[in-house]
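For reference, the structure is listed below as structure tokens.
In each ligand, atom 1 is the first atom listed, and ligand 1 is the first ligand listed.
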Amino acid sequence: MRPGGVDIRLEEVTFTYEDMRMRFDATIEAGQITSVMGASGAGKSTFLNLVAGFETATSGRVLIGGADVTAAPPSARPISMVFQENNLFAHLTVEQNVGLGRSPALKLAEADRTDIADALGRTGLAGKERRLPRELSGGERQRVAIARVLVRDRPVLLLDEPFASLGPALREDMVDLVMSVHRERGMTVVFVTHQPEDARRIGGNLLFLEQGKVIAAGKTEEFFGKNGPEAFRNYIGTGNAEPQSQEFARKPT
Ligand SMILES: Nc1ncnc2c1ncn2[C@@H]1O[C@H](COP(=O)(O)OP(=O)(O)OP(=O)(O)O)[C@@H](O)[C@H]1O
């Protein structure tokens, strides 16, 4: 794995939407994958947007790779971001949408074109270079967004429920693609998801949010284990957690 990632720190970051006051304290380890989970409205997207720079903290500091980016616009932060939808420009081809990751004006040298072709091959899009987004499936459109991440080659990748509108089998494939990109590039990946299966598949670390705060942080495996945080266990429901130890011990009647 290339040591391509940098750490992310939110130090006493506050942000308010009308009656929703959020306060985030968190450290995301360099080069790791971290899932962010929590109920609807807990603040997951806001958390990611504060790291990306689409929202600006009212107070506190956001540090990426040790640099204070609290006031920096998204373009000045060393990040790529993939949203649930609308990642692509409708009037540009697949190849051009990926090329934007290298040059916003699409001024591409031969080496850039080679990298774009590699990224398209890597994400299973070879042969679809000239298509427009509307000529692709939902899964293929997200593959284009990931191909763009590859050519951008930034140390932080933020994903906000990127596969929420895809079916379970396809979602697994896409999660696996993100994991292989992570293995290959070693960037720091932060993945917002509602799906416990996604977080389990990803492994790595997990942040659990409730009402605008990170209320638990640690290894994903431990969250799903018998001593996982109670709020998390309640959120995912018992069907997704390992059984409590006494259930192992209970004899069949
Ligand atoms: N643009 C906005 N204006 C006002 N309030 C907002 C805005 N965006 C989000 N909020 C509020 O901020 C809180 C956190 O929203 P956020 O979208 O970060 O939550 P989330 O955990 O990502 O939710 P979901 O899982 O439903 O996407 C919610 O109470 C939401 O209603």
Notebook entry, point to check: Relative to the heavy atoms of A42, which atoms of ligand 1 are at a distance of less than 4.0 Å?
Noted result: 19 (O), 21 (O)
Notebook entry, point to check: So do the side chains of I64 and V6 get within less than 4.5 Å of each other, counting heavy atoms only?
Noted result: yes
Next item on the list: Using a strict cut-off of 4.0 Å, indicate which atoms of ligand 1 neighbour a heavy atom of E161.
Entry: 25 (O), 27 (O)
Notebook entry, point to check: Same cluster for I146 and M187 if Ile/Leu/Val/Met/Phe/Trp/Tyr side chains link at under 4.5 Å?
Noted result: yes
Margin query: Taking L92 as the starting point, is it possible to reach L88 by hopping between hydrophobic residues whose side chains are less than 4.5 Å apart?
Written below: yes
Notebook entry, point to check: Can you find a non-hydrogen atom of G212 under 4.0 Å from ligand 1?
Noted result: no
Notebook entry, point to check: Considering distance alone, does some N or O of E18 sit under 3.5 Å from an N or O of ligand 1?
Noted result: no
Check: For ligand 1, is there an N or O atom under 3.5 Å from any N or O atom of G43?
Finding: yes
Note to self: Whether the T70 and R61 side chains hold a donor-acceptor pair (N or O, under 3.5 Å, no angle test) is what I'd like checked.
What the structure shows: no
Notebook entry, point to check: What is the nearest protein non-hydrogen atom to atom 22 (O) of ligand 1, stated with its residue, atom name and distance?
Noted result: S45 N, 2.8 Å
Notebook entry, point to check: Shortest non-hydrogen contact from M37 to T193?
Noted result: CG-O, 3.5 Å
Notebook entry, point to check: Does the protein place any heavy atom closer than 4.0 Å to atom 31 (O) of ligand 1?
Noted result: no
Check: Shared ILVMFWY cluster between L177 and L170, side chains joined below 4.5 angstrom?
Finding: yes
Notebook entry, point to check: Does any donor atom in the side chain of E230 or Y235 lie under 3.5 Å from an acceptor atom in the other side chain?
Noted result: no
Notebook entry, point to check: Do the side-chain N and O atoms of E222 and N227 include a donor-acceptor pair separated by under 3.5 angstrom?
Noted result: no
Next item on the list: With L159 as reference, evaluate V189, V190, V192, L48 under the side chain to side chain contact (heavy atoms under 4.5 Å, CB included) test and give the passing residue.
Entry: V189
Check: Any idea which protein heavy atom is nearest atom 23 (O) of ligand 1, and the distance to it?
Finding: G41 N, 2.9 Å
Margin query: For the 3.5 Å polar cut-off, considering only N or O atoms, please tell me whether M22 and ligand 1 meet it.
Written below: no
Margin query: Only heavy atoms of H194, strictly under 4.0 Å: list the atoms of ligand 1 that pass.
Written below: 25 (O)
Next item on the list: Identify, for atom 13 (C) of ligand 1, the protein heavy atom at the shortest distance, and state residue, atom and that distance.
Entry: M20 CG, 3.6 Å
Item checked: For A39, the ligand 1 atoms whose distance to one of its heavy atoms is below 4.0 Å -> 21 (O)
Check: Which heavy atom of the protein is the closest neighbour of atom 16 (P) of ligand 1, given with residue, atom name and distance?
Finding: T46 OG1, 3.7 Å
Check: For atom 1 (N) of ligand 1, which protein heavy atom lies nearest, and how many Å away is it?
Finding: Y17 CE2, 3.7 Å
Margin query: Under 3.5 Å, is there a donor on one side chain and an acceptor on the other for R200 and S35?
Written below: no
Note to self: I need the nearest protein heavy-atom contact for atom 26 (O) of ligand 1: residue, atom name and distance, please.
What the structure shows: S40 OG, 2.6 Å
Next item on the list: Just need the protein heavy atom nearest to atom 25 (O) of ligand 1, so name the residue and atom and give the distance.
Entry: K44 NZ, 2.7 Å
